[in-house]
K.L.:
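Would you mind keeping the following structure in view while I ask a few things?
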Amino acid sequence: MISKNMKELVDKSAAISALFTEGPRLRKLLGDENVFDFGIGNPNVKAPISVNETAIELLENMDSLTLHSYTDGAGIPSVRQAIAESLNRRFGEEYTGKNIVMTTGAAGGLNVILKVLLDQGDEVLTFAPYFSEYDVYVANAGGRLISIAPNIPSFLPDANKLEEAISSKTKAIIINNPNNPTGVVYDEETLKKVAEVLNKKGKEFGTTIYLISDEPYRELVFDGVTVPYIPKIYGNTIVAYSFSKSLSLPGDRIGYLTIPSTVEDFEDVVYGAGVANRVLGFVNAPALQQLVVARCCDEKSDIAFYDKNREILYNALISYGFECAKPQGAFYLFVKALEEDDVAFVNKAKEYGILMTPGRGFGCKGYVRIAYCVARAVIERALPSFEKLAKAYKK
């Protein structure tokens, strides 16, 4: 039999796992053209052409033994330096390669940094709704995730609720900005209030509270909105970043941790992250992809495509009577279910060929997540089905 710990992790991950199986099941039942899968946040925009061109150039011109060798646990030094210089240009920082640890995406980065920071029983806070895998990541490192109740309807972090939740066992807080599943961008004023609370409570308990900022959607923002660079607001911030969305490379599993020199125990945290990469089984981030993103880290995918999808779907759903905070970033709508039970609502939507994700998996019952990173035609074909679904609740 599998371990009790793994059984708990399997149960917690069931909702995410189901996203990959329910689509094929419904297509067999209803036909491909009658299924509208908004379940998985898988980019539908091609990677910039420079990504493929760079990979080809490296494969054709670089010594194969060098290209495919193990790298340092923290990443290839020249790659770490290139990422640091990119961040310096964009955010006015003074990083060097020592502030960067290459990881297998933001997910790998989060697991690495949690492994570094947490002792058994430490608490990690996050604001609901939150990416459902945080439960598993924190549990993997022996910690306990505590969810702070959602601030409806804005879904912005509530500093007062945060202050009430912090205890002497609080080691870190995870925020996701722009947020998955809401698409809400946490503004600078809100983040300053969060930082004030962390500083206050850290002094009160005589502890260091790390802020882990999960930012795979940092470049996916609309309407002229900018994502505040949180290390400028709170010194003990560690940023987990992924190129999965900005360069449409989810399957290539490449990202990095930014660990500013202002972080408490900086040297130990950086060294620990390199060790954690190895002991968690990643060993090192994929060597080829490290070299590719070093040259392409300032590129972006076609954000305008997602913006158009957002406008079409959001405006249509509002006209049908759905309620939703208009997202400023990422590629999700977080829509209020038309009945109290979000799972029942999701199951009802399947009758119309619509696949969505229940909000309770994100710590927020009564809502559903719609991933609009799909082909434009899927959205256009799905609109009549959404309208029929809404009308079914008006009878």
Side-chain angles (χ1 to χ4, degrees), residues 3 5-6 9-10 12-13 16-17 20 41-42 51 55 58 65-84 87 97-120 122 124 131-143 145 171-172 174 176 210 212-216 238-259 263 266-294 296-297:
S3 70
N5 286 341
M6 180 50 64
L9 295 179
V10 167
K12 288 179 179 178
S13 293
I16 293 293
S17 299
F20 292 89
N42 195 31
V51 171
L58 289 167
L65 286 176
T66 302
L67 178 61
H68 300 298
S69 290
Y70 289 125
T71 79
D72 184 279
I76 300 169
S78 62
V79 171
R80 296 166 68 192
Q81 184 62 34
I83 299 295
L87 294 174
K98 293 181 180 180
N99 297 109
I100 306 299
V101 175
M102 302 305 297
T103 63
T104 54
L110 290 171
N111 278 279
V112 163
I113 200 60
L114 290 167
K115 184 70 172 177
V116 172
L117 297 180
L118 299 188
D119 285 312
Q120 194 73 29
D122 280 346
V124 178
F131 180 51
S132 56
E133 296 283 75
Y134 291 166
D135 287 288
V136 179
Y137 299 165
V138 172
N140 278 345
L145 185 74
K171 192 62 175 288
I174 302 177
N176 181 205
Y210 294 91
I212 302 170
S213 187
D214 181 23
E215 300 185 5
I238 297 166
V239 179
Y241 185 81
S242 170
F243 292 97
S244 293
K245 275 68 181 184
S246 61
L247 295 182
S248 293
L249 302 176
D252 291 349
R253 311 312 306 138
I254 186 67
Y256 60 87
L257 291 170
T258 303
I259 306 174
V263 165
F266 166 72
E267 295 287 349
D268 285 344
V269 172
V270 171
Y271 185 77
V275 172
N277 250 336
R278 186 176 74 248
V279 301
L280 287 171
F282 302 122
V283 181
N284 56 257
L288 172 60
Q289 298 309 320
Q290 287 191 54
L291 294 167
V292 169
V293 298
C296 302
C297 58

K.L.:
Show the nearest heavy-atom pair for residues Ser69 and Ala287, with the distance to one decimal.
P.N.:
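The pair with the smallest heavy-atom distance is O-CB, 3.9 Å.
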K.L.:
Would Leu110 and Tyr134 count as a side chain to side chain contact (heavy atoms under 4.5 Å, CB included) if you check the C-alpha gap in whole Å, the side-chain angles of each, and the deciding distance to 0.1 Å?
P.N.:
CA-CA 9 Å; Leu110 290 171; Tyr134 291 166; 3.8 Å; yes
K.L.:
Using a 6.0 Å cut-off, check whether atom CZ of Phe266 has over 12 heavy atoms from anything other than its own residue.
P.N.:
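Result for CZ/Phe266: enclosed.
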K.L.:
How about NZ on Lys171, more than 12 heavy atoms from neighbouring residues, nucleotides or ligands closer than 6.0 Å, or not?
P.N.:
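More than 12 heavy atoms, drawn from other residues, nucleotides or ligands, come within 6.0 Å of this atom.
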K.L.:
Any chance you could measure Cys296, atom SG, to Ile254, atom CD1, to the nearest 0.5 Å?
P.N.:
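Separation between the atoms: 12.0 Å.
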K.L.:
In Å and rounded to the nearest 0.5 Å, what is the CD1 to OG distance from Ile174 to Ser213?
P.N.:
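With rounding to 0.5 Å, CD1 (Ile174) is 10.5 Å from OG (Ser213).
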K.L.:
Taking the side chain as C-beta and beyond, is there a heavy-atom pair between Pro286 and Asp252 under 4.5 Å?
P.N.:
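The answer is no; the side chains never approach within 4.5 Å.
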K.L.:
Out of Asn284, Leu257, Val112, Val283, which residue meets the side-chain contact (heavy atoms from CB on, under 4.5 Å) rule with Asn277?
P.N.:
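Filter result, single survivor: Val112.
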K.L.:
Any side-chain heavy atom of Leu247 within less than 4.5 Å of one from Cys297?
P.N.:
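The answer is no; the side chains never approach within 4.5 Å.
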K.L.:
Checking Asn111 against Thr104 for the side chain to side chain contact (heavy atoms under 4.5 Å, CB included) test, could you report, in this order, the C-alpha distance in whole Å, the side-chain angles of both residues, the deciding distance, and whether it holds?
P.N.:
CA-CA 10 Å; Asn111 278 279; Thr104 54; over 6 Å; no
K.L.:
What residue among Asp135, Val138, Leu117 forms side-chain contact (heavy atoms from CB on, under 4.5 Å) with Val124?
P.N.:
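Answer to the side-chain contact (heavy atoms from CB on, under 4.5 Å) test with Val124 among Asp135, Val138, Leu117: Val138.
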K.L.:
Assess, by modelled atom type and distance only, whether the side chains of Ser242 and Arg253 contain a donor and an acceptor separated by less than 3.5 Å.
P.N.:
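Judged by distance alone, the side chains do not pair up.
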K.L.:
Taking side chain as C-beta onward, heavy atoms only, is Thr71 less than 4.5 Å from Met102?
P.N.:
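No, their side chains stay 4.5 Å or more apart.
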K.L.:
Rounded to the nearest 0.5 Å, what separates atom CG in Asp214 from atom CD1 in Ile113?
P.N.:
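Answer rounded to 0.5 Å: 12.5 Å.
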K.L.:
Write down the atom of Ala84, the atom of Gly97, and the distance for their closest heavy-atom approach.
P.N.:
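Result for this residue pair: CB-N, 4.0 Å.
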K.L.:
Kindly indicate, with the supporting measurements, whether the criterion side chain to side chain contact (heavy atoms under 4.5 Å, CB included) is fulfilled by Thr258 and Ile83.
P.N.:
CA-CA 9 Å; Thr258 303; Ile83 299 295; 5.7 Å; no
K.L.:
Using side-chain contact (heavy atoms from CB on, under 4.5 Å) as the criterion, point out the one residue from Val116, Ile100, Val269 that pairs with Ile259.
P.N.:
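Option passing the side-chain contact (heavy atoms from CB on, under 4.5 Å) with Ile259: Val269.
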K.L.:
Angle between ring planes, Phe243 versus Tyr241, binned at 30° and 60°: parallel, tilted or perpendicular?
P.N.:
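It falls in the perpendicular class, over 60°.
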K.L.:
Measuring from atom CD of Gln290 to atom CG of Leu58, what distance do you get when rounded to the nearest 0.5 angstrom?
P.N.:
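Answer rounded to 0.5 Å: 12.0 Å.
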K.L.:
Any side-chain heavy atom of Phe282 within less than 4.5 Å of one from Thr103?
P.N.:
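SC-SC contact between Phe282 and Thr103 ruled out.
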